[in-house]
Amino acid sequence: QVQLVESGGGLVQAGGSLRLSCAASERTFSPYAMAWFRQAPGKEREFVAAIRWSLGSTYYADSVKGRFTISRDNSKNTMFLQMNSLKPEDTAVYSCAASGLFSVYAAQNSRGYSYWGQGTQVTVSS
């Protein structure tokens with residue numbers, strides 16, 4: 001069973017930056033894709049960004065495009081989310097997710113992900 005552990009959340013002022021990390025426990029980890037989702041209080045979980053693990057192709061929600069960058073270090077089984085120009089509306093619990101070896105779902109679809117981290121809080125003050 002793959003375990004995902006996020007880190008890097010916290011409190012930051014609007015316009016600031018944070019870098020989230022998501023480390024996978026398995027040494028032979030090779031998902032089809034990994035992604036970040038977020039959920040704000042009283043709102044549905046929403047897609048933030050995804051990356052194809054082998055090819056490195058990336059996908060972003062329109063709301064974060066140009067401000068957030070997703071990346072991965074295959075050798076360390078770790079995914080990152082660099083968040084710049086943060087806005088109060090980015091405040092949410094951010095969770096990382098990993099698919100299995102294959103997926104029939106689009107990278108933005110949460111149903112394509114079998115493994116989830118516990119989440120890390122990101123709070124952006126105005």
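Computation of the quantities below employed the complete heavy-atom set of this structure, encompassing side-chain atoms and omitting hydrogens, waters and symmetry-equivalent molecules. We're numbering straight along the sequence, starting at 1.
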Original post:
Taking atom CD of E89 as the centre, does the number of heavy atoms from other residues, nucleotides or ligands within less than 6.0 Å exceed 12?
Top reply: yes
**OP:** Give a yes or no on whether K43 atom NZ has more than 12 heavy-atom contacts from other residues, nucleotides or ligands under 6.0 Å away.
**Re:** no
So [Y] and [X], do their side chains get closer than 4.5 Å, heavy atoms only?
{"X": "R19", "Y": "F80", "answer": "yes"}
{"X": "M83", "Y": "L20", "answer": "yes"}
{"X": "M79", "Y": "P31", "answer": "no"}
{"X": "Y32", "Y": "L55", "answer": "no"}
{"X": "R38", "Y": "V122", "answer": "no"}
{"X": "W53", "Y": "S99", "answer": "no"}
{"X": "F29", "Y": "N74", "answer": "no"}

Subject >> salt_bridge(D62, K65) N-O dist < 4.0 Å >> reply: yes
Subject >> same_hphob_cluster(V64, L81) at 4.5 Å side-chain heavy-atom cutoff >> reply: yes
**OP:** Work out which heavy atom in L4 is nearest to a heavy atom in A24; give both atom names and the distance.
**Re:** CD2-CB, 3.8 Å
Subject >> Closest approach of T69 to Y60 (non-hydrogen atoms, all atoms of both residues) >> reply: CA-OH, 3.3 Å
Original post:
Between the side chain of T123 and the main-chain N/O of T91, is any donor-acceptor distance below 3.5 Å?
Top reply: no
Original post:
For A92, does its backbone N or O pair with a side-chain atom of Q39 as donor and acceptor, under 3.5 Å?
Top reply: no
Subject >> Atom pair OG (S85) and CZ (R67), whose distance is rounded to the nearest 0.5 Å >> reply: 7.0 Å
**OP:** Measure the spacing between OG of S57 and CZ of R52 and express it to the nearest 0.5 Å.
**Re:** 7.0 Å
Subject >> Aromatic ring pairing F47/F37, orientation class (parallel under 30°, perpendicular over 60°, tilted between) >> reply: perpendicular
